[in-house]
Amino acid sequence: MAGSLTKEEIAHLDEFLGPLRIAVVATVGPTGMPQLTPNWFRFANGRLTISTTKERVKHRNLLRDDRLAACIYSEPGAADYVTLSGRAR
């Protein structure tokens, strides 16, 4: 993910994702429809880490299909936002 960004873009991303925010995470449900959940996250070294437990639908979805996307936006009007997509590890 971060490998294709310039140093300036990475610095801006780090600055935007530094404050406490919620990520809206999308995984692929068993029927193929998106399943969205608000999540705490950490962004460091070009990687997004989200919090979940084995009991959550999101966890089961990612075991079956590792694709995900996330949107993190500024409060209150989402004037600024970041979208990320990739595969869970």
Side-chain angles (χ1 to χ4, degrees):
M1 169 180 48
S4 61
L5 300 176
T6 67
K7 287 183 180 183
E8 292 79 22
E9 290 169 328
I10 292 170
H12 183 67
L13 192 57
D14 285 336
E15 181 181 335
F16 180 77
L17 297 176
L20 185 62
R21 300 183 196 274
I22 298 291
V24 178
V25 177
T27 58
V28 181
T31 65
M33 293 296 293
Q35 192 260 335
L36 301 168
T37 53
N39 277 104
W40 295 109
F41 72 92
R42 177 177 180 254
F43 184 78
N45 300 316
R47 295 195 184 276
L48 181 74
T49 304
I50 60 171
S51 171
T52 192
T53 64
K54 292 180 181 180
E55 295 79 25
R56 302 287 183 187
V57 171
K58 170 180 51 255
H59 182 265
R60 292 191 300 272
N61 287 347
L62 290 170
L63 286 176
R64 189 186 60 262
D65 184 332
D66 64 353
R67 294 175 296 166
L68 64 88
C71 179
I72 301 120
Y73 56 90
S74 62
E75 297 283 340
D80 296 309
Y81 63 92
V82 170
T83 59
L84 305 165
S85 61
R87 295 188 176 269
R89 291 187 187 182

query = From R56 CZ over to L62 CG, what is the distance, rounded to the nearest 0.5 angstrom?
reply = 13.5 Å

task = Please check if the side chain of R64 supplies one atom and the backbone of G29 the other of a donor-acceptor pair under 3.5 Å.
result = yes

ask   = Are V24 and Y81 co-members of a hydrophobic cluster defined by side-chain heavy atoms under 4.5 Å apart?
value = yes

ask   = Do N61 and P30 touch side chain to side chain, with heavy atoms closer than 4.5 Å?
value = yes

request  = Assess whether atom OH of Y73 is packed by more than 12 heavy atoms of other residues, nucleotides or ligands within 6.0 Å.
outcome  = no

key: Cluster check I72, L13: I/L/V/M/F/W/Y, side chain < 4.5 angstrom   = yes

remark   = One should read off an interatomic distance between R60 CZ and E55 CD, to the nearest 0.5 angstrom, of 9.0 Å

message = I'd like to know if the side chain of R21 reaches the main chain of F41, judged simply by a donor and an acceptor atom lying under 3.5 Å from each other, with no hydrogens or angles considered.
response = no

For T6 against E9, the heavy-atom pair lying closest together = N-OE1, 2.8 Å

key: Exam field: side chain R42 to backbone I50, donor-acceptor pair closer than 3.5 Å   = no

message = If hydrophobic clusters are built by linking Ile, Leu, Val, Met, Phe, Trp and Tyr wherever their side-chain heavy atoms come under 4.5 Å apart, do V25 and L17 end up in the same one?
response = yes

ask   = Minimum heavy-atom separation for I22 to P38, with atom names?
value = CG2-CB, 3.6 Å

key: Within 6.0 angstrom of H59 NE2, more than 12 heavy atoms from elsewhere   = yes

ask   = Ignoring hydrogens and geometry, is there a side-chain-to-backbone donor-acceptor pair from T27 to K58 under 3.5 Å?
value = no

message = I'd like to know if I10 and L48 are part of one continuous hydrophobic network [Ile/Leu/Val/Met/Phe/Trp/Tyr, side-chain heavy atoms within less than 4.5 Å].
response = yes

